[in-house]
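Report on the following structure.
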Amino acid sequence: MALERTFVMVKPDGVERRLVGEIIGRFERRGLRLVGMRLLQPDRALAERHYATHKGKPFYEPLVDFIISGPVVAMCWEGTQAVSLVRKMMGALKPEEALPGTIRGDFTTEVRTNLVHGSDAVETAQAEIALWLGNDLLP
Ligand code: IDP
Ligand code: MG
């Protein structure tokens, strides 16, 4: 079982709704280790780089507008199979598939304002950690 690092972001809706502590607490209780964290309001260039794979999709422009609309909490979490573990704890993208017990399943019914981002693969995690938090946190 590989020790991994993943990138997690509490999106502007999560900060606005005072859910930062709730979300961090879930990962801590599970046994993941917080190794980097930054509160910032991303500019458009950073948001566009982060969501570059979605460029051209109908939800891309409103998504970028949303992510730069307020402060976010950018974090790096470490643990055994942290990438897939965080994704499971976040819950599915489609609200009707986000199960109770997951972050999205417990706190949102919306597809855009879904509180949290987590890297979808080890390679994506490395790129996102470097983009938001710098190379020092790369595993
Ligand atoms: P993920 O966050 O579960 O990895 P992605 O497909 O990577 O999902 O989409 C990135 C983000 O874009 C989502 O978290 C959500 O905020 C937004 N998004 C994705 N699909 C839609 C959509 O159909 N409508 C509105 N927003 C969407
Ligand atoms: Mg994604």
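Both counts, for ligands and for their atoms, begin at 1 and track the order of listing.
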message: Ring-plane angle category for Phe7 and Trp132, please: parallel below 30°, perpendicular beyond 60°, tilted otherwise.
response: parallel
message: When you measure from the side chain of Arg29 to the backbone of Phe27, do you find a donor-acceptor pair of N or O atoms at a distance under 3.5 Å?
response: no
statement: In ligand 1, the atoms that come under 4.0 Å of a heavy atom of Asn114 are 13 (C), 14 (O), 15 (C), 16 (O)
field: Numbered atoms and elements of ligand 1 in range of Leu93, under 4.0 angstrom, heavy atoms
entry: 3 (O), 6 (O), 8 (O), 13 (C), 14 (O), 15 (C), 19 (C), 20 (N)
Under 4.0 Å, heavy atoms only, figure out whether ligand 1 is touched by the backbone of [X], its side chain, both or neither.
{"X": "His54", "answer": "side chain"}
{"X": "Arg104", "answer": "side chain"}
{"X": "Lys11", "answer": "side chain"}

field: Proximity flag Val111 to ligand 1, non-hydrogen atoms under 4.0 Å
entry: yes
- request: Decide whether the shortest distance between a heavy atom of Arg87 and an atom of ligand 1 is less than 4.0 Å.
  value: yes
message: With a sphere of 6.0 Å drawn around NZ of Lys94, does it hold more than 12 non-hydrogen atoms of other residues, nucleotides or ligands?
response: no
message: Within a 6.0 Å radius of atom CD on Gln41, are there more than 12 heavy atoms belonging to other residues, nucleotides or ligands?
response: yes
- request: Could you check atom 17 (C) of ligand 1 against the protein and tell me its nearest heavy-atom contact, residue, atom and distance included?
  value: Leu63 CD1, 3.8 Å
statement: Closest to atom 18 (N) of ligand 1 among protein heavy atoms sits Phe59 CD1, 3.6 Å
Roughly how far, to the nearest 0.5 Å, is the [atom2] atom of [Y] from the [atom1] atom of [X]?
{"X": "Lys11", "Y": "Arg112", "atom1": "NZ", "atom2": "CZ", "answer": "10.0 Å"}
{"X": "Arg87", "Y": "Leu85", "atom1": "CZ", "atom2": "CG", "answer": "12.5 Å"}
{"X": "Trp77", "Y": "Arg5", "atom1": "CH2", "atom2": "CZ", "answer": "12.5 Å"}

